[in-house]
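Written below as C-alpha cells is the structure these notes are about.
One-based numbering, in listed order, for ligands and for the atoms of each. Bear in mind the structure is a predicted one, so any value in this text is a computation, not a measurement.
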Amino acid sequence: MKSIKKTLVIGLGLIGGSLALALRKAGLGGTIIGCDRDQSEVELAIKIGMIDQGSTRAEDWIAEADLIVVSVPVIAMESVMTQLKPLLRNDTIITDVGSSKGSVQTSAVKVWGRLPANFILGHPIAGSEKSGVSAALVDLYQKHKVILTPTQDNNRQAVSIVTQMWRSTGADVLTMDIARHDEVLAATSHLPHMLAFSLVDTLASQDESLEIFRYAAGGFRDFTRIAASDPVMWRDIYIANKPAVLQALTEFEQGLSRLRTAIEESDSDAMLGIFTRAKAAREHFSRILENSAYIPMQNKLINYRTAPGNALSGRIRVPGDKSISHRSIMLGSLAEGVTQVKGFLEGEDSLATLQAFRDMGVVIEGPHQGEVTIHGVGLNGLKKPAGALYLGNSGTSMRLLSGLLAGQAFDVELTGDASLTKRPMERVAKPLREMGAVVETAEGGRPPLVIRGGQALKGIDYQMPMASAQVKSCVLLAGLYAEGETKTTEPAPTRDHTERMLTGFGYEVTRKGATASLQGGGKLVAGNIDVPSDISSAAFFMVAGSIADRSEILIEHVGMNPTRVGIVNILRAMGADITLENESEVGGEPVADVRVRSADLKGIDIPQDQVPLAIDEFPVLFVAAACAEGVTRLRGAEELRVKESDRIQVMADGLQALGIQCTVYEDGIDIVGINAVQGGKMSGGRVHSHDDHRIAMSFAVASLCSEGEIFIEDCANVATSFPGFVELANKIGMKINVEEA
Ligand code: NAP
C-alpha cells in the first residue's frame, strides 16, 4: 500500500468509521480523509482522531485520492458513484462495503457502462446494531472475514491493494463470485434478519401492551437480538438483494411447511428427522465454520512438543475402528430397520460419513458416547441432498460413497477439504464408468466428483490394478445396485470389512481367494454392531511399548481382522514381544487384548505379502525401524505416496531431521536403525507432519527414543482419526504437550 498517499472514506458510519480508525492505527492509507453528509459527524471524527481531514463535500477530495472507500448504504451507492465519475483519476482505486454485491455492480454499470477495472467490490462480515461515528470501533474487523468479489476485468494490483488494506485491520480476506456472495448472504444473514424482524413484529402486534415479552426467555432474546438492527439499512439490503432473498425465503417456507405438516399429523419420525438433522448440521457447521456464519474454517494450527521418553505402563482402550465405523453408518442407512451401533469412532472422518447420510434424509440419532441409532431407509430410500456432500478430509467416505451413489436416482456432488481435493479419485471413477456410471472429476481425476443419477449399472469382473480396499469396496457397493454379478479380484489381500459387514447385514458375498463377488438387487437387514477398537490406532502404542525402555502395556478389545494384522506380524518379525489375550469374535470381526513389552527390535526386509495388511501403519513402523538394530527395507508400497501425504517422503524428511539415515525409493524406503536397546538415540529436532495425522502421531512415538525434544508441526488432524490420542499417550507415560500456534 506504499503507493496510497491519500485515502478517502465516503460515509463515516459504523463501517466506514471503523475502517478509518483501523487504518490510522495501522499507519496505512496515508492521509485519511473522511466525508459525511452530516457536518457534526465530520467534526466529531476529526476530534476523536478517526480522520486527518474531512468535510461534507466529497467532490473536493475525489481528484486527489489514491484510494476511495464507499461506505454508504447500498441504495445510496449509485448517487455517490455519479458524483465520483467526472472527478476520478484513472489510477485511483475504489472499493465499497455494501452488504449486497450484485446491486452495487449494477449501479456501477449504470454509471460507467461497466464495472471500472480499479473498482473492487467488497463486504466486511462484521458489524453491530449501532450506526454513526460514535459507534465505530478500531478493532471491529479483527479476526473477522472480509469477502472481496473481484471480476475477471478487475486490475490485479487494485485487488491486491484492497486485500492489503483489509488485512491491515486484522481481517481475513477471501474471495467469492458476486452471485455466490449474494446467495450465501441471503441465506445466512438476510433471511435470519428477516425472520427476527418479522417474528418480533408479529408478536408485538398481537399483544398491544407487549406483555408477552415479559415472559420471553433467553432463546427468544438470542433469536431476536438482530431485530434491533438499523431498519433503513435493512430495507435497503432487501431492495438491493431481492432475488436471492426471495429464493432463500421460498426454500425456508418449504422447510417450514414440511415441519408444519409433521406437527399437524403428529408424525414423530418426521419431526425427529428434522430436529436431529438440524442439531447435527448445527454441530457439523460449527466444526467446518469459524465464528462468522458461513466461512469454511482453516483448522487451528496445533503443534506437539514432545519430551524424550520414559518407561510406559498401564492399560488403555483406543477408539473404535474407523473403517468399521464408516461402514456401519453406510450399511445401517441402506438397511431395512433400525441399526444400533456401539463403540462408534466419533472422529471427523466417520462423522463426515454420518453427516452425508443425514444430508440424504436418513434419521440418525447420536452419536452419544459411541452409541448411534440409524433408522435405515433401504437400498433405494436415499434422497437427493440439498447441496454438495462435504466429506472433510475423509478419502474413505469419498471413495466408498461414490460407489453407493453411482446407483442412485439423483445427481450428487462430493467435495472435501483442501487435502482431500488433492487425492486421486480416478481409481474409483474408472471401474464405476465400466459399470455404466457417469462420474465427473475435476482436473487430474481429483475431487470434487459429480455423480449423475439414474444410470442403469451392470456388474463387472474387475481385476484391480492396485491393492486398495477402498476401490474394492467402492465397486462392491456399486454392485448392490448393478444388474447381475459384480466381482473384484485384488492383486494382494486388502481389508475385508465391507465383505464381512455386508454378510453381517444378511447380504450374500462369495469369497474365493482374492476374488469377492455379489449379485445386485438384494437387500440389507438391520442389525447391531459393536465396533472393535482400531488396530491402526493401537499400532502407535504397539510400537511405543516395544521401543520404550522397561515398558509393559495392555491395549484392550483391539480388532484383529486378518487383513489388518500386518502391524503385529511385522513387529513380531522384528522381534517385538506382543501377545494376544481374551481372543473372541464380535459381529464377524475377531478381537483381542494386546499385551506389549519392551523388546530388542531388529531390522528386516518387510515381507511383500504383509505390505497391504499394514499399509496405514507404515509411518509408525518406520519409527520402529529407526529404533531397531540394522537396516529395514520396504518395497512394493507405492500406495503410501498417495495417502493423506506422500508418507514415504514426509517420513524420510522427518527421520533425517532427527539424524536417521534413510534412502527413499519410488515404492519404498531403507531405514538404518540406531539400535535403541544398546543406547542409540535419535536427535531431537523439528519435523513437519504435512497435515497428516499418522505422521504427527508417529513422530510423537519417536520421542521415546530421542535425545532432545521433538517439535512436530501441524498436528490438528490427529483429532480426525484418533480423538484423545495425547491424553492416552500421556496416561501411560509419554510426554506430549499440545501447543496452539
Ligand atoms: P451507518 O452507520 O448508518 O453509516 C452510513 C453512512 O452513510 C452515514 O455516514 C450516512 O450519512 C451515509 N449516507 C447515508 N445515505 C447517504 C447518501 N445518500 N449519500 C451519502 N452518504 C450517505 O451504516 P453502516 O452500518 O456503516 O453501513 C454502511 C454500509 O456498510 C452499507 O452499505 C451496509 O450495507 C454496509 N455494511 C453494514 C454492516 C453493519 O452491520 N452495519 C455490515 C457490513 C456492511 P448520515 O450520517 O447523514 O446518515
Atom indices of ligand 1 within 4.0 angstrom of P124 heavy atoms, with elements: 43 (C)
Closest protein heavy atom to atom 32 (O) of ligand 1, given as residue, atom name and distance to 0.1 Å: V72 O, 2.7 Å
Closest approach of any protein heavy atom to atom 40 (O) of ligand 1, naming residue and atom: G127 CA, 3.4 Å
Exercise: do S100 and S103 side chains pair donor with acceptor under 3.5 Å: yes
contact_flag A126 ligand 1 heavy-atom lt 4.0 Å: yes
Where ligand 1 meets H123 - atom numbers and elements under 4.0 angstrom, heavy-atom basis: 43 (C), 44 (C)
Within-cutoff protein neighbour (heavy atom, under 4.0 Å) for atom 23 (O) of ligand 1: no
Per-atom contacts of ligand 1 with G13, taking only distances under 4.0 Å to non-hydrogen atoms: 1 (P), 2 (O), 4 (O), 9 (O), 26 (O)
Check: G444 main-chain N/O paired with R446 side-chain donor or acceptor under 3.5 Å: yes
Which residue and heavy atom of the protein sit nearest atom 36 (N) of ligand 1, plus the separation: S99 OG, 3.4 Å
K47/E43 ion pair, N-O < 4.0 Å: no
T224 (side chain) donor-acceptor with A227 (main chain) under 3.5 angstrom: no
Top protein contact for atom 18 (N) of ligand 1, by heavy-atom distance: A76 CB, 3.2 Å
Contact (N/O only, under 3.5 Å) between G16 and ligand 1: no
Donor-acceptor under 3.5 Å (S79 side chain, A76 main chain): yes
S168 side chain to M165 backbone, donor-acceptor under 3.5 Å: yes
Any donor-acceptor pair under 3.5 Å from Y238 side chain to L246 backbone: no
Where ligand 1 meets V97 - atom numbers and elements under 4.0 angstrom, heavy-atom basis: 29 (C), 30 (O), 35 (C), 36 (N), 44 (C)
S79, any N or O under 3.5 Å of ligand 1 N or O: no
Check: K5 side chain, D66 main-chain N or O, donor-acceptor pair, under 3.5 Å: no
For L12, the ligand 1 atoms whose distance to one of its heavy atoms is below 4.0 Å: 9 (O)
For atom 14 (C) of ligand 1, closest protein heavy-atom neighbour: P73 CD, 3.2 Å
Winner among M233, E78, E41 once heavy atoms are compared against atom 39 (C) of ligand 1: M233
Verdict with reasoning, R57 to D60, per salt bridge (charged side-chain N to carboxylate O under 4.0 Å, His left out): CA-CA 6 Å; R57 289 174 47 84; D60 294 345; 2.9 Å; yes
Expected output: side-chain H688 to main-chain H690 donor-acceptor under 3.5 Å: yes
Minimal non-hydrogen separation, S689 against D714, with atom names: OG-O, 2.5 Å
Closest protein heavy atom (residue, atom, distance) for atom 6 (C) of ligand 1: S71 O, 3.8 Å
Which of the ligand 1 atoms, numbered from 1, are nearer than 4.0 Å to a heavy atom of V74: 32 (O)
Under 3.5 Å donor-acceptor, R89 side chain and A63 backbone: yes
Nearest neighbour in protein (non-hydrogen) for atom 8 (C) of ligand 1: D36 OD2, 3.6 Å
Residue and atom name of the nearest protein heavy atom (relative to atom 3 (O) of ligand 1), distance in Å to one decimal: S131 CB, 3.5 Å
Atom indices of ligand 1, in the order listed, that fall short of 4.0 Å to a heavy atom of G98: 32 (O)
